[in-house]
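Some notes on the structure that comes next.
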Amino acid sequence: MSLLVPDTGLLFWMIFSFGIVFFILVKFGFPVITKAVEKRNQFIESSLEAACQAREQLAAVNTQAEVILQEARSKRNTILNEAQEIRNKMLNEAREAAETEARFKIDRAHAEIEESRNKAIISIRDEVTGISVKIAEKVLGERLQSDEKQRALINRLLDDELVSNA
Amino acid sequence: MLRKNHIGKIITLLLMLILPVHIFAQDLNVKEVVLEHISDSYHWHITKWGERDIRIPLPVVVKSKQNGWQVFLSSHLEHGAEYRSLRIAQEGRYAGKIVERSHTGTDIRPIDISITKNAAALMINCMVLLLVILPLARWYKRGSMRPAKGFRGVVEMLLTDIQEEVIKSCVGEDYKRYSPYLLTVFFFILVNNLMGLIPFFPGGATVTGNIAITLVLALCTFFIVNISGTRAYWKEIFWPDIPIWLKVPVPLMPALEFIGIFTKSFALMIRLFANNLAGHSVILGLLCLIFLSATMGTVVNIGMSTLSVIFTCFMTLLELLIAYLQAYIFTLLSAVFIGMARAKHQAHAH
C-alpha cells in the first residue's frame, strides 16, 4: 500500500516548495491584494455616498432654483401688472387732461364766437339804426326830434322784426 | 457548407478514436495504467510512441551509504539499469523506488529526495501559482481603483469569495491574521487540482492525490489550529462541559476530544487525498474502456468509445467542480477549526 505511505523525498520537496510559496504569497501576495480590494471597496462606498450626497444637494439646489424662479416670475408679474396699471392711469389722466383742455378751449372759442357775434349784432344794429334813421329822415324830410326816443323806437321795431324773422 | 464541415469533423474524430486503439490495443493492463498514472515515478512519462516510451528524465537526488550525495538524471536508471550501485527496485518492499545494493548484497533504501514526477509537478504548479498571484498583487499595488477584468477578475472573485464567505465568517474577529495562510492553501490546492486535470505534460500529475502533499497541508492546519488555541479551546478538550462521571474516574470524553484534535486534521488529509486519487482513477478507468473494447470488434469498440468519451467528459467536468470543491472544503474546514480554536468562550455549536 505505497499509496498510503507518504514518500520522504516528496514530503521534503512539498515542505520546501510549499514553504517558499507560502512565504512569498504571505509576504507579497495575498495581504497586498486583500488590502487593495478592501481599499477599493471603501473607495467605492465613499464614492457612492458622495454621489448620493451630491445628488441630494443637486436636488436641493434645483428646488431652490425653482423657488427663486417662481418668486422672480411672480415678481415680474406684479411689476408688469403695476406697469399696466400705471400706464392705464397715465393714459386716463392724459385723456382727461386733454379732454378738459379741449373742452376749455372749445368753451372759450364758443364764448369768443358769442362775444364777437354779439358785437357784430350790436354794430349791425347800430348801423342799421343809423341807416334806418337816415332813411326815415330822408323819407320824412325833416329832422326827427329827440334822437333818443327815435332810437328806442327803432330798436323795438328791429327786435320785433328780428323776432318775427327768426 | 457548415454542415459539411461538421461531418468532416465528426469523421476525423471517429478516426481519431479508432486509429490509436489499434496501435495500442495489443495488451493493456488497466490496473497498471491507472496505478502508473496516480503513483509517483522518477521520470515523467508522456506517451508511448510505437515501441518507444517518451519520458522526461528527472533529477535523482540520493544520499547513498557508500558514495554520499548523488545527483544525476533518472535516464541512467531506465529499464532496471544499475548506476553507481543504485537501481530502481522492480519488486519487493521497495518496488518502484531507488534502492542501493549494500556490501552484503541486500537492498537498502538510501535517503532519497529525488525530484520525482510529483515533486516536479508540484514545483511547476507552485510556479504557476506564483505567476498567477504575484502579477495580480503588483497590479493591485499600482493602486488602480478600477475593478479587475478578465482573468484578474476571476482570481479576484475567487479570492474575495473565500475571504468574505469562508474566512471572515468562520474564523471570526482576527480573521486577517489567518487569511493569508487560508488563501494560500485554497489557491495552492486549486491550482494543483486544475493542473492535474490537464492531460498532457505540464499538468496531469496527481499532486493533490498524493498523501505526502495532503499530509503537509493538514499538518500546517493542525499546527496553526493548536498554536492559536485559546484557553477556552483547551478547556473544552480537557474539561468539557459534560456530566462529571464522563471525565473523572476514567477521562473518557477528554480522551475522545484529545483524539479529536488529531482526527480533524487527519480527516482533512485523507479527504483531499482520496477525492483526487479517486477522481483521476475513475477518469483513467473510463478512458481505458476504449482500449479494452478494441479487441471486441469495431462496432462494439465505436459504441464503447463514444460512451466512454461521453463519460470521461462528464467525469472531467465533475472533476473541475471537485477541484474547486476540495480546495473550498479544505479551506472552509481549516477556517472552522481555527475559528473554534479562537473561540473566546465555548460555543455550543457542536
Side-chain angles (χ1 to χ4, degrees), chain A residues 1-70, chain B residues 35 38-40 61-62 94-97 111-116 118-120 122-123 125-127 129-130 133-134 136-148 155-156 159-160 163 176 179-185 187-188 207 209-217 219-220 273 277:
Chain A
M1 287 316 284
S2 70
L3 278 180
L4 285 174
V5 180
D7 186 61
T8 336
L10 192 57
L11 215 55
F12 168 78
W13 286 116
M14 173 60 187
I15 292 168
F16 180 73
S17 354
F18 185 70
I20 290 175
V21 166
F22 179 65
F23 176 77
I24 292 175
L25 288 186
V26 166
K27 193 101 182 164
F28 309 106
F30 291 118
V32 176
I33 297 176
T34 48
K35 222 170 271 172
V37 169
E38 217 161 84
K39 214 171 110 192
R40 198 183 62 202
N41 283 351
Q42 275 172 4
F43 173 73
I44 289 170
E45 217 160 272
S46 64
S47 299
L48 275 177
E49 212 162 282
C52 226
Q53 273 179 359
R55 201 176 300 141
E56 268 168 27
Q57 276 173 357
L58 191 69
V61 164
N62 271 344
T63 48
Q64 219 173 341
E66 194 66 32
V67 166
I68 289 170
L69 208 65
Q70 202 69 39
Chain B
L35 274 180
I38 57 181
S39 57
D40 214 351
V61 184
V62 167
Y94 304 122
K97 299 267 160 67
I111 295 172
D112 177 8
I113 52 165
S114 306
I115 298 179
T116 55
N118 276 338
L122 175 72
M123 287 168 188
N125 296 349
C126 285
M127 289 306 292
L129 178 59
L130 290 180
I133 299 298
L134 288 183
L136 188 71
R138 217 178 57 206
W139 184 75
Y140 275 108
K141 212 170 191 171
R142 262 183 275 152
S144 166
M145 287 299 180
R146 275 173 300 142
V155 179
E156 191 202 299
L159 195 148
T160 43
Q163 171 93 335
K176 273 185 187 163
S179 96
Y181 166 69
L182 291 168
L183 285 172
T184 307
V185 164
F187 279 97
F188 182 83
V207 178
N210 190 296
I211 202 153
I213 308 295
T214 59
L215 173 70
V216 173
L217 291 173
L219 273 178
C220 285
F273 153 74
L277 196 65

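We name chains A, B, ... by the order of the sequence lines, and we start the count at 1 in each one. These figures come from a predicted structure and were not determined experimentally. The figures that follow rest on heavy atoms only: side chains count, while hydrogens, waters and symmetry mates do not.
- Of the two parts of B:Leu183, the backbone and the side chain both hold a non-hydrogen atom closer than 4.5 Å to a non-hydrogen atom of chain A.
- Between chain A and the options B:Thr116, B:Leu217, B:Leu219, heavy-atom pairs under 4.5 Å are most frequent for B:Leu217.
- Only the side chain of B:Leu215 comes within less than 4.5 Å of a heavy atom in chain A; its backbone stays farther off.
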**Study point:** Verdict with reasoning, B:Ile133 to B:Thr184, per side-chain contact (heavy atoms from CB on, under 4.5 Å)
**Key:** CA-CA 10 Å; B:Ile133 299 298; B:Thr184 307; over 6 Å; no
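- The most heavy-atom pairs under 4.5 Å with chain B, out of A:Phe12, A:Phe16, A:Phe18, come from A:Phe18.
- With sequence neighbours excluded, no residue forms a salt bridge (charged side-chain N to carboxylate O under 4.0 Å, His left out) with A:Lys39.
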Check your understanding: Given the rule in the side-chain contact (heavy atoms from CB on, under 4.5 Å) test, do B:Val62 and B:Ser114 qualify, once you have shown the distances and angles that lead to the verdict?
Key -> CA-CA 6 Å; B:Val62 167; B:Ser114 306; 3.9 Å; yes
Point to revise | Verdict with supporting geometry, B:Lys97 and A:Asp7, side-chain contact (heavy atoms from CB on, under 4.5 Å) | key: CA-CA 10 Å; B:Lys97 299 267 160 67; A:Asp7 186 61; 3.4 Å; yes
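- Chain B forms the most heavy-atom pairs under 4.5 Å with one residue out of A:Thr8, A:Ile15, A:Leu10, A:Ile24, and that residue is A:Leu10.
- With a threshold of 4.5 angstrom between heavy atoms, B:Tyr181 approaches chain A through its backbone and through its side chain.
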Check your understanding: How far apart are the C-alpha atoms of A:Val26 and A:Phe30, what are their side-chain angles, what is the distance that settles it, and do they pass the side-chain contact (heavy atoms from CB on, under 4.5 Å) test?
Key -> CA-CA 6 Å; A:Val26 166; A:Phe30 291 118; 6.0 Å; no
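- Contact of B:Asn118 with chain A is made through backbone and side chain together, with heavy-atom distances under 4.5 Å.
- Most heavy-atom pairs under 4.5 Å with chain A, from the set B:Leu130, B:Asn125, B:Val61: that is B:Leu130.
- In this structure, chain B has a heavy atom under 4.5 Å from the side chain of A:Phe43, while its backbone stays farther away.
- For chain A, the option among B:Thr160, B:Asp112, B:Asn210, B:Ile115 with the highest count of heavy-atom pairs below 4.5 Å is B:Ile115.
- A side-chain hydrogen bond (donor to acceptor under 3.5 Å, both in side chains) check over residues 46-62 of chain A, counting only residues at least two apart or in different chains, returns nothing.
- Note on B:Glu156 versus A:Arg40: salt bridge recorded, some NZ/NE/NH1/NH2 to OD/OE distance being below 4.0 Å.
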